[in-house]
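Working notes, beginning with the structure itself.
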Amino acid sequence: MAVLLKEASPADEAPASSLKSDPLAPPFDVVTYAGPITMEGYEQLSTLLEERRTNDEVLVVLETPGGDPHAAFRIARALGFHYDRVEALISRYCKSAGTLVVLGASVLHMDDRGELGPLDMQVRRVNEIARQGSALEVSDTMGMLWAHQLLSFADLMREMTEYGMSSDVAAMAAAGLVGDAFHPIAQQIDPVMLTAMSRATGIAVAYGERLALKGRNITMSGVSDLVHGYPSHAFVIDRKEAQLLFRDVRSPCGAVAQVAQWCRQQLDVWSQAGAPLVNIHSFPFIHTEKLHAPNSSSHPNSGTA
């Protein structure tokens with residue numbers, strides 16, 4: 001049975017301006033997560049948090065195409081457990097399950113080239129060339145078929161009644177013709193995949209609502225918009241679009257701008273990450289951290305794969 005969550009309090013619907021916090025000031029930890037969202041990445045992060053957490057506030061930097069929503073939920077929960085204040089920085093792209101992690105942050109910093117993606121979970125296909133399918137495919141396909149069926153039925157009814165058929169006879173004839181036309185298409189819809197896609201959407205909503213209660217940077221209706229309000233998995237949610245969804249979206253400034261500038265130097269390395277690259281630093285960075293972060297295993301304190 002699904003568990004329905006009530007919004008935390010009336011303050012959850014308070015104006016964004018009343019909920020904005022002071023700028024993040026050093027010292028704070030910087031958690032960098034680049035690559036797919038996986039349980040392996042969650043395990044790496046958990047170990048780092050247990051061994052190397054230094055401050056009570058954290059800026060998590062995400063560079064990810066998305067991945068496992070269960071791992072995303074665990075990552076966001078772990079950050080919320082270990083830190084009193086969690087803020088997120090998107091330097092370039094953070095899609096799907098990565099957006100789920102962002103919901104647990106109280107402030108969203110987006111660089112000029114930063115972008116989020118809808119909460120569109122990917123479902124593994126069986127015996128198909130495309131190994132991953134978008135949960136949006138189900139609602140889009142079913143919605144399109146239903147709309148075309150209704151339109152076809154209405155057109156046929158109108159034409160038949162204009163030729164003198166009674167409404168009852170025209171309705172029966174139109175229903176038969178429409179059914180025969182759309183039946184081969186409907187037969188191609190795999191009910192197992194249909195269920196899996198629907199369940200993936202439900203998972204995104206359920207996790208999103210729980211993390212939103214922690215981050216308090218987006219309403220439940222905003223979570224719903226992230227799941228249902230965009231037409232494709234690749235849809236770009238830039239800073240301006242994000243400001244329509246989240247309460248506190250900022251262009252990097254101050255100490256966060258310094259971290260963003262440092263992140264731009266890491267993008268070539270991060271873009272090649274086939275497995276999660278995870279690390280934790282204390283800001284202001286020490287010289288050694290800047291030389292070796294975020295992916296060098298030669299550093300004695302490196303926590304990357």
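Position 1 is the first residue of the sequence; numbering continues from there.
Of all the heavy atoms in Val249 and Ala242, the pair that sits closest is CG2-O, 3.7 Å. Residue Ser21 comes nearest to Arg250 through the heavy atom pair O-NH2, 2.7 Å, listed as atom of the first residue, atom of the second, then distance.
When the shell of 6.0 Å around CZ of Arg92 is examined, it contains more than 12 heavy atoms from other residues, nucleotides or ligands.
Between Leu244 and Ile237 there is no side-chain heavy-atom pair separated by less than 4.5 Å. Taking 4.5 Å as the limit, some side-chain heavy atom of Glu241 sits within range of a side-chain heavy atom of Tyr230. Thr32 is not listed as a side-chain neighbour of Leu277, based on a closest heavy-atom distance of 4.5 Å or more. In this structure, Val31 and Asn279 have side chains that are not in contact, with every pair of non-hydrogen atoms separated by 4.5 Å or more. Contact of the Val259 side chain with the Leu89 side chain is registered, since non-hydrogen atoms from C-beta on lie closer than 4.5 Å. Put simply, the side chain of Phe81 does not reach to within 4.5 Å of the side chain of Val86, judged on heavy atoms. Between Pro118 and Val227 there is no side-chain heavy-atom pair separated by less than 4.5 Å. Looking only at side-chain heavy atoms (C-beta outward), Leu45 and Glu43 stay at 4.5 Å or farther from each other.
Residue His228 forms a side chain to side chain contact (heavy atoms under 4.5 Å, CB included) with just one option from Val223, Thr201, Leu119, and that option is Thr201.
Asp29 and Tyr83 are linked by a side-chain donor-acceptor pair at a separation below 3.5 angstrom, with hydrogens and angles left out of the test. Side chains of Tyr207 and His70: a donor-acceptor N/O pair is present below 3.5 angstrom, by distance only.
Checking side-chain atoms of Lys95 against main-chain N and O of Gly67 turns up no donor-acceptor pair under 3.5 Å. Checked by atom type and distance alone, the side chain of Arg52 never pairs as donor or acceptor with a backbone atom of His281 at under 3.5 Å. Under the 3.5 Å distance criterion, the side-chain polar atoms of Arg216 are left unmatched by any main-chain donor or acceptor of Ala212.
One distance of note links CZ of Phe246 with CG of Leu103; it measures 5.0 Å at 0.5 Å rounding. Atom CZ of Arg53 sits about 11.5 Å away from atom OG of Ser282, to the nearest 0.5 Å. Put simply, CD1 on Ile218 and CG on Asp225 are 7.5 Å apart, with the number rounded to the nearest 0.5 Å. To the nearest 0.5 Å, atom CD1 of residue Ile90 and atom SG of residue Cys94 are 4.0 Å apart. Atom OG of Ser91 is separated from atom CH2 of Trp262 by 9.5 Å, given to the nearest 0.5 angstrom.
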Handout entry: Residues Ile75, Tyr33; criterion side-chain contact (heavy atoms from CB on, under 4.5 Å); working and verdict
Key = CA-CA 10 Å; Ile75 288 169; Tyr33 190 112; 3.7 Å; yes

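Salt-bridge check for Arg239 with Glu115: failed, with every basic side-chain N at 4.0 Å or more from each acidic carboxylate O. Ion pairing of Asp238 with Arg113 is absent here, as no side-chain N (NZ or NE/NH1/NH2) approaches a carboxylate O to less than 4.0 Å. In summary, Arg85 and Glu87 engage in a salt bridge, as defined by a charged side-chain N under 4.0 Å from a carboxylate O.
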